[in-house]
Protein chains: 2
Amino acid sequence: MKYTSEGEALTDIVLNIFRLNGLLLLEGDQITQEFGLTSARWKVLGAIALAPEPITVPQIARNMGLSRQAVQRLTNEMVTDDLLTFSDNPHHKRAKLLGLTRKGMNIYKKLEDKQRPWASSLAKGLDRKDLQITSTVLRDLIAKID
Amino acid sequence: MKYTSEGEALTDIVLNIFRLNGLLLLEGDQITQEFGLTSARWKVLGAIALAPEPITVPQIARNMGLSRQAVQRLTNEMVTDDLLTFSDNPHHKRAKLLGLTRKGMNIYKKLEDKQRPWASSLAKGLDRKDLQITSTVLRDLIAKID
DNA sequence: GATATAATGACAATATGTTGTCAATATATC
DNA sequence: GATATATTGACAACATATTGTCATTATATC
């Protein structure tokens with residue numbers, strides 16, 4: 001296939017994503033620091049908080065596009081830290097269901113309150129339509145690769 | 001600050017970037033596998049290949065938005081693997097200048113040939129203007145955070 | 001030129017992630 | 001129901017990345 005100008009733009013996007021990923025992880029680490037969390041744990045916390053029903057480790061991994069081993073390690077530590085609980089799964093003897101503890105729920109809410117103005121401030125000055133286009137393009141790329 | 005709809009779109013973008021970062025690293029690992037490289041090493045190789053002049057480890061780190069320690073580790077191993085060379089820096093006794101070996105250059109060229117059709121194929125079906133908007137938005141976000 | 005400050009390489013500790021393997025449990029197929 | 005296949009948790013090995021520290025070298029300031 002010829003190297004299209006679209007391909008050129010895409011190469012640029014890829015490099016920007018690598019860069020932005022690193023910056024966003026640092027931002028998340030700073031936002032969560034006062035609660036003793038990190039970007040990675042915040043993401044897991046959010047995945048569980050936003051799930052309509054209790055979910056298992058492999059389900060979170062599939063939702064987030066991570067290996068189940070990576071999620072397992074995080075959740076095990078977060079249970080130790082009293083952020084999450086494992087509860088028996090009536091449909092599966094090995095795969096426990098994950099839930100938030102009161103502490104986990106409280107921290108999640110506080111992080112939501114901190115994240116919203118952060119996002120709005122970062123979005124300020126950027127065109128709404130452009131942001132929506134970006135969101136769509138990223139989603140399309142994920143669908144194409146995955 | 002109020003949670004704007006722009007902020008909402010941005011939150012979506014952030015999560016998509018985390019996901020896409022992981023997928024792109026896997027793609028890069030697959031593309032580079034036949035040459036014994038990885039996504040991380042490919043990025044370093046590219047940074048050196050595209051630099052107009054020989055550069056040092058901390059310069060690469062700043063260009064790529066990585067810690068100098070992370071880049072140092074990669075370059076040390078890549079020198080061992082005969083992909084890069086350190087050469088004396090007339091302006092600095094400690095900070096060596098990095099260059100590509102013949103092997104490094106050959107692999108870089110082959111990766112370029114592999115990457116272009118990959119990017120074009122991934123971009124296929126996406127609107128050129130949308131891709132350019134995405135690229136611009138990502139760049140703006142990097143500039144705002146960094 | 002002397003001295004304070006910054007940048008660099010080396011090393012270590014830690015966090016995040018992938019991959020691979022094993023035994024145990026679920027699920028599908030016959 | 002028996003059997004083959006897939007999923008899951010636990011464990012280990014490894015790659016990538018940040019942060020922190022130290023001694024050494026550069027650079028800025030006086």
Side-chain angles (χ1 to χ4, degrees), chain A residues 17-30 32-33 36-45 47 55-81 84 86-98 146, chain B residues 17-30 32-33 36-45 47 54-81 83-84 86-98 146:
Chain A
I17 284 174
F18 289 143
R19 185 73 179 263
L20 208 37
N21 181 70
L23 289 173
L24 291 172
L25 288 177
L26 292 183
E27 291 283 305
D29 285 345
Q30 287 172 11
T32 57
Q33 191 176 22
L37 292 191
T38 60
S39 290
R41 287 162 199 226
W42 187 10
K43 282 188 262 179
V44 170
L45 201 68
I55 49 177
T56 66
V57 165
Q59 283 172 333
I60 296 174
R62 285 188 290 265
N63 290 349
M64 297 176 56
L66 292 177
S67 70
R68 63 193 172 78
Q69 290 90 334
V71 176
Q72 186 85 54
R73 185 180 54 77
L74 289 169
T75 55
N76 286 349
E77 291 169 349
M78 290 169 78
V79 167
T80 299
D81 291 350
L84 307 180
F86 284 127
S87 59
D88 284 346
N89 185 347
H91 303 309
H92 202 297
K93 203 174 286 184
R94 301 197 87 195
K96 301 286 178 61
L97 293 174
L98 280 163
D146 202 12
Chain B
I17 284 174
F18 289 143
R19 185 73 177 264
L20 208 39
N21 181 72
L23 289 172
L24 291 172
L25 288 177
L26 292 182
E27 290 284 304
D29 285 345
Q30 287 172 11
T32 57
Q33 191 176 23
L37 292 192
T38 60
S39 290
R41 287 161 200 228
W42 187 9
K43 281 189 264 178
V44 170
L45 202 67
I55 49 177
T56 65
V57 165
Q59 283 173 333
I60 295 173
R62 284 188 290 265
N63 289 349
M64 297 176 58
L66 293 176
S67 69
R68 64 193 171 78
Q69 290 89 335
V71 176
Q72 185 85 55
R73 184 183 57 80
L74 290 168
T75 54
N76 286 349
E77 290 169 350
M78 290 170 77
V79 167
T80 299
D81 291 349
L83 296 165
L84 306 180
F86 285 127
S87 59
D88 283 344
N89 184 347
H91 302 310
H92 201 298
K93 202 173 286 183
R94 303 196 86 194
K96 301 286 180 59
L97 292 174
L98 280 163
D146 203 14

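Protein chains get the first letters and strands the later ones, always in sequence-line order, with residue 1 at the start of each. Nothing here was measured: the structure is a model prediction, and the numbers come from that model.
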Practice item. Select base, sugar-phosphate, or nothing to describe what B:Leu25 touches, counting heavy atoms under 4.0 Å on all strands. Key: nothing
Check your understanding: Which of residues 70-81 of chain A sit near DNA chain C, with a heavy atom under 4.0 Å from it?
Key -> A:Ala70, A:Arg73, A:Leu74
Check your understanding: A:Arg41 side chain N/O closer than 4.0 Å to the phosphate oxygens (OP1, OP2) of C:dT16?
Key -> yes
Review point. Using a cut-off of 4.0 Å on non-hydrogen atoms, how would the nucleic acid contact of A:Thr38 be classed: base, sugar-phosphate, or nothing?
Key: sugar-phosphate
Check your understanding: Which side chain to side chain donor-acceptor pair (under 3.5 Å) pairs, counting each pair once, include a residue from residues 89-98 of chain B, with sequence neighbours left out?
Key -> none
Exercise for review: For A:Leu26 and for A:Thr56, locate the closest nucleotide of DNA chain D by heavy-atom distance; then report the residue assigned to the nucleotide nearer the 5' terminus.
Suggested key: A:Thr56
**Study point:** For atom CD of A:Gln69 and atom C1' of C:dT21, their distance in whole Å
**Key:** 10 Å
Exercise for review: In whole angstrom, give the distance that lies between atom CD1 of B:Ile55 and atom P of C:dG9.
Suggested key: 12 Å
Review point. Got a sec, which residues hit side chain to side chain contact (heavy atoms under 4.5 Å, CB included) with B:Gln30, two or more places apart in sequence or on another chain?
Key: B:Glu27
Study note, to complete from the structure: salt bridge (charged side-chain N to carboxylate O under 4.0 Å, His left out) pairs touching residues 55-74 of chain A, sequence neighbours excluded, are A:Arg73-A:Glu77
Revision key, fill the gap. d(B:Leu20 CG, A:Phe18 CZ) to nearest 0.5 Å is 8.5 Å
Practice item. Provide the start and end nucleotides, 5' to 3', of the part of DNA chain D that has atoms under 4.0 Å from heavy atoms of chain A. Key: D:dT8 to D:dT19
Check your understanding: Which heavy atom in B:Asp88 sits nearest to a heavy atom in B:Leu97, and how many Å separate them?
Key -> O-CD1, 4.0 Å
Check your understanding: Hey, what bend do you get for the helix from C:dG1-D:dC30 to C:dC30-D:dG1 if you fit axes on five pairs at each end, rounded to 10°?
Key -> 40°
Review point. Taking the side chain from B:Asp29 and the backbone from B:Thr38, do they hold a donor-acceptor pair closer than 3.5 Å?
Key: no
**Study point:** Counterpart residues, side chain to side chain donor-acceptor pair (under 3.5 Å), relative to B:Asn63 (two or more places apart)
**Key:** none
Review point. Would you say B:Lys43 and B:Met64 make side-chain contact, with heavy atoms under 4.5 Å?
Key: yes
Review point. In chain order, what residues pass the side chain to side chain donor-acceptor pair (under 3.5 Å) check against B:Gln72, with sequence neighbours excluded?
Key: B:Asn76
Check your understanding: From B:Ile17 CD1 over to A:Ile17 CD1, what is the distance, rounded to the nearest 0.5 angstrom?
Key -> 6.0 Å
Point to revise | Residues in side chain to side chain donor-acceptor pair (under 3.5 Å) contact with B:Thr32, at least two apart in sequence or another chain | key: none
**Study point:** Under the side chain to side chain contact (heavy atoms under 4.5 Å, CB included) test, residues paired with A:Leu98 that sit two or more places apart
**Key:** A:Ile48, A:Val57, A:Ile60, A:Thr75, A:Leu84, A:Phe86
Exercise for review: Quickly work out the B:Ile60 CD1 to C:dA7 P distance and round it to whole Å.
Suggested key: 18 Å
Point to revise | Most 5' of A:Arg68 and A:Lys43 on DNA chain C, judged by nearest nucleotide | key: A:Lys43
Check your understanding: Can you list the residues that meet the side chain to side chain contact (heavy atoms under 4.5 Å, CB included) rule with A:Leu74, with sequence neighbours excluded?
Key -> A:Ala40, A:Arg41, A:Val44
Practice item. Give, ordered by number, those residues of residues 91-98 of chain B having at least one heavy-atom distance below 4.0 Å to an atom of DNA chain C; if nothing qualifies, reply none. Key: B:His92, B:Arg94, B:Ala95, B:Lys96
